[in-house]
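As C-alpha cells, the structure follows; a few thoughts come after it.
Numbering starts at 1 and runs along the sequence shown.
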Amino acid sequence: MKYRIVTDSSSNIMSMDSDFAAVPMKIVADREYVDDASLDVADMVQTLKNHKGKSSSSCPNVGEWLEAFGEAEYVFGITITKHLSGSFNAARHAAETYIQEHSDRKAYIFDSLATGPEMMLMADKIRQCEAAGDDFETTKEKVLNYQNHLHTLFCLESMNNLARNGRVNPAVAKIAGMLGIRVAGAAEGGKLAPSHKPRGPKKTIQQLVEMIRDRGLKDGAKLRVAHCFAEEAALALRDALLEEFPHLQFHLEPTTGLCSYYAEAGGLIIGFEGSFNAKNDNTKF
C-alpha cells in the first residue's frame, strides 16, 4: 500500500484495516507501563488508583516514530494534542528526517488537538481517502477540513491522575472526588476545558446529550465513545442519543493505556462529527 497511518497509542487504536502502526506511549508511576497490546489495563488502573506519589506520561521519541513509518511512500501521522504531550513535536521531527532521507516520499503529521475517539475518526477519514484514490495533498486537505468539524468531550469521575501530572489543581481534584462530582467538558484548542459538574448518572447523561447537541451533531453522523470501565454509562449515553438521532453511527470501545490514565475508572471520552469547530483549527496552533 502507498499509505501508512501512524498514531501514538493515545488514539486507542491497536490495529485497523489499513497499513497501520501505533507507537506506544508510556505511563510512569511506581513502574513504567508501556501502552501496547500486551498492557493489562485493569491492573494499571487499579494500581494507579492506590498510588500516592506523582505519575506522568512519556511520549515516543523521534527514533520510535521513524521506525513506525517503515518504508511507506506516504505517511500520515496523528498525535495526541501537543498541549498534553511532546508526541507531536517528536513525530514532526521524525517526518522532517524521513523526507530528508527519502526525497521520493512524503509525510505529514496531524496534531489532533484531542485524544482517543477524535484520532480514530481522523484515521478512518485517511483510510477513506486512500480507498477513493485521493493523492497525498488532497488527502491532507480533506482531513484538515474534516478535523475542523470534529469535537471531543470528556466526563470524568476522578481527576487524580490529571492532578498528579500537573494538569489540574490537586485541591480541586480532591474536593470533586470527596463530593462525588463528575466533571464534564470539552477539548478546546487542544486544552482541557471543564465546564459542567453534574451530579448523578441521569443528570450526567442529560448534560452530555445537551453538550453534543449544542455542537451540531446531525442524525447519521459518526460518534465514538471510549470508556474506562464505564460501559453502563456509555450505553446509557448511546440509548439517550439514539432517541434523538436514530441513524447515528455509534461506536463504543474500551480505553487503552494512555486514555485510561487520563480518563480513569468511570471516565468517558467522546469524539464526534458536528458543526464547524473554530477551536479545532490546527493551522492556528
- Task: Go through the steps for Val62 and Trp65 under the test side chain to side chain contact (heavy atoms under 4.5 Å, CB included), then give the verdict.
- Result: CA-CA 5 Å; Val62 174; Trp65 277 103; 5.8 Å; no
- Task: Spell out, as yes or no, whether a donor-acceptor pair under 3.5 Å connects the side chain of Glu118 to the backbone of Gly271.
- Result: no
- Task: Please answer whether the main-chain N or O of Pro24 pairs with a side-chain N or O of Asp35 as donor and acceptor at a distance below 3.5 Å.
- Result: no
- Donor + acceptor pair across side chains of Asp124, Gln128 (<3.5 Å): yes
- Task: Considering only NZ, NE, NH1 and NH2 on the basic side and carboxylate oxygens on the acidic side, decide whether Lys279 and Glu188 come within less than 4.0 Å.
- Result: yes
- Looking at Ser57 and Tyr262, what are the two nearest heavy atoms and their distance? OG-OH, 3.2 Å
- Item | Min side-chain heavy-atom separation Met122-Lys125 under 4.5 Å | no
- Enclosure of Glu244 CD (heavy-atom neighbours >12, cutoff 6.0 Å): yes
- Query: Can you tell me if Ser10 uses its side chain to pair, donor with acceptor, with the backbone of Thr115 under 3.5 Å?
  - Reply: no
- Point-to-point distance, once rounded to the nearest 0.5 Å, from CD of Glu253 to CD1 of Ile13: 8.5 Å
- Query: If you group Ile, Leu, Val, Met, Phe, Trp and Tyr by side-chain heavy-atom gaps below 4.5 Å, do Leu48 and Val28 land in one group?
  - Reply: no
- Please answer whether the main-chain N or O of Thr79 pairs with a side-chain N or O of Ser112 as donor and acceptor at a distance below 3.5 Å. yes
- Does the side chain of Cys59 reach to within under 4.5 Å of the side chain of Met25, using non-hydrogen atoms? yes
- Message: Test side chain to side chain contact (heavy atoms under 4.5 Å, CB included) on Asn161 and Ser55; report intermediate values, then the result.
- Response: CA-CA 7 Å; Asn161 289 338; Ser55 62; 4.2 Å; yes
- Measure across Leu39 and Gly257 and return the closest heavy-atom pair with its distance rounded to 0.1 Å. CD2-CA, 3.6 Å
- For Thr255, does its backbone N or O pair with a side-chain atom of Ser260 as donor and acceptor, under 3.5 Å? yes
- Item | Shortest non-hydrogen contact between Tyr3 and Thr139, atoms and distance | OH-OG1, 2.8 Å
- Check the angle between the aromatic planes of Tyr108 and Phe110 and answer parallel, tilted or perpendicular using the 30° and 60° thresholds. perpendicular
- Taking C-beta and beyond as the side chain, do Arg127 and Asp17 meet within less than 4.5 Å on heavy atoms? yes
- Pairwise distance CG(Leu217) to CG(Asp219) - rounded to 0.5 angstrom: 8.0 Å
- Which pair of non-hydrogen atoms, one from Phe76 and one from Ile126, has the smallest distance, and what is that distance? CB-CD1, 3.7 Å
- Message: I want to check something: taking the side chain as every heavy atom from C-beta on, are Ser9 and Thr256 in contact at a cut-off of under 4.5 Å?
- Response: no
- Task: Determine, using the 4.5 Å side-chain heavy-atom cutoff (strictly less than), whether Val6 and Val34 are members of one ILVMFWY cluster.
- Result: no
- Item | Distance-minimising heavy-atom pair for Ala91 and Ile109 | O-CG1, 3.6 Å
- Check whether any side-chain N or O of Glu64 sits under 3.5 Å from a backbone N or O of Asn61 as a donor-acceptor pair, and report yes or no. yes
- Message: Between Ser85 (side chain only) and Lys82 (backbone N and O only), is there a donor and an acceptor less than 3.5 Å apart?
- Response: no
- Heavy atoms, side chains only, cut-off 4.5 Å: are Gln46 and Asp43 in contact? no
- Query: Is Leu248 linked to Ile269 within one hydrophobic cluster, defined over Ile, Leu, Val, Met, Phe, Trp and Tyr using a side-chain heavy-atom separation of less than 4.5 Å?
  - Reply: no
- Are the charged groups of Glu137 and Lys140 less than 4.0 angstrom apart, N to O? yes
- Query: Do Leu150 and Met16 share a hydrophobic cluster (ILVMFWY, side-chain heavy atoms under 4.5 Å, transitive)?
  - Reply: yes
- Message: Donor-acceptor check, side chain of Ser275 to backbone of Arg215, threshold 3.5 angstrom: yes or no?
- Response: yes
- Message: Any side-chain to backbone donor/acceptor pair from Gln207 onto His196? Under 3.5 Å, distance only.
- Response: no
- Message: Parallel, tilted or perpendicular, judged at 30° and 60°: which one describes the rings of Phe276 and His149?
- Response: perpendicular
- Between CG on residue Asp111 and OG1 on residue Thr81, distance to nearest 0.5 Å: 5.0 Å
- Task: Please state whether the rings of His151 and Phe272 are parallel, tilted or perpendicular, taking 30° and 60° as the class boundaries.
- Result: parallel
- Item | Rounded distance [0.5 Å steps], CG in Leu237 versus CG in Leu242 | 9.0 Å
- Item | Min side-chain heavy-atom separation Glu231-Leu252 under 4.5 Å | yes
- Mark yes when over 12 heavy atoms from residues, nucleotides or ligands other than Lys222 sit less than 6.0 Å from its NZ; otherwise mark no. yes
- Dump the intermediate steps for side chain to side chain contact (heavy atoms under 4.5 Å, CB included) on Phe229 and Val41, then the final yes or no. CA-CA 10 Å; Phe229 301 101; Val41 176; 4.2 Å; yes
- Query: Can you check side chain to side chain contact (heavy atoms under 4.5 Å, CB included) on Arg105 and Glu71, steps first, answer last?
  - Reply: CA-CA 9 Å; Arg105 301 177 189 177; Glu71 298 296 327; 2.9 Å; yes
- Are Leu235 and Phe245 grouped together when hydrophobic residues (ILVMFWY) are joined by side-chain heavy atoms under 4.5 angstrom apart? yes
- Note on the structure: Interatomic distance, CG@Asn12 vs CE@Met120, rounded to 0.5 Å, equals 4.0 Å
- Query: Do the non-hydrogen side-chain atoms of Asp40 and Tyr33 ever get within less than 4.5 Å of each other?
  - Reply: no
- Note on the structure: Rounded to the nearest 0.5 angstrom, the CE-CG distance for Met14 and Asp36 is 6.5 Å
- Using atom types as modelled and distance alone, determine if a side-chain donor or acceptor of Arg224 lies under 3.5 Å from a backbone N or O of Met119. no
- Could you pull out the closest heavy-atom pair between Tyr261 and Ser56, with the gap in Å? OH-N, 3.4 Å
- Look at atom CD of Gln206 and say whether more than 12 heavy atoms of other residues, nucleotides or ligands are closer to it than 6.0 Å. yes
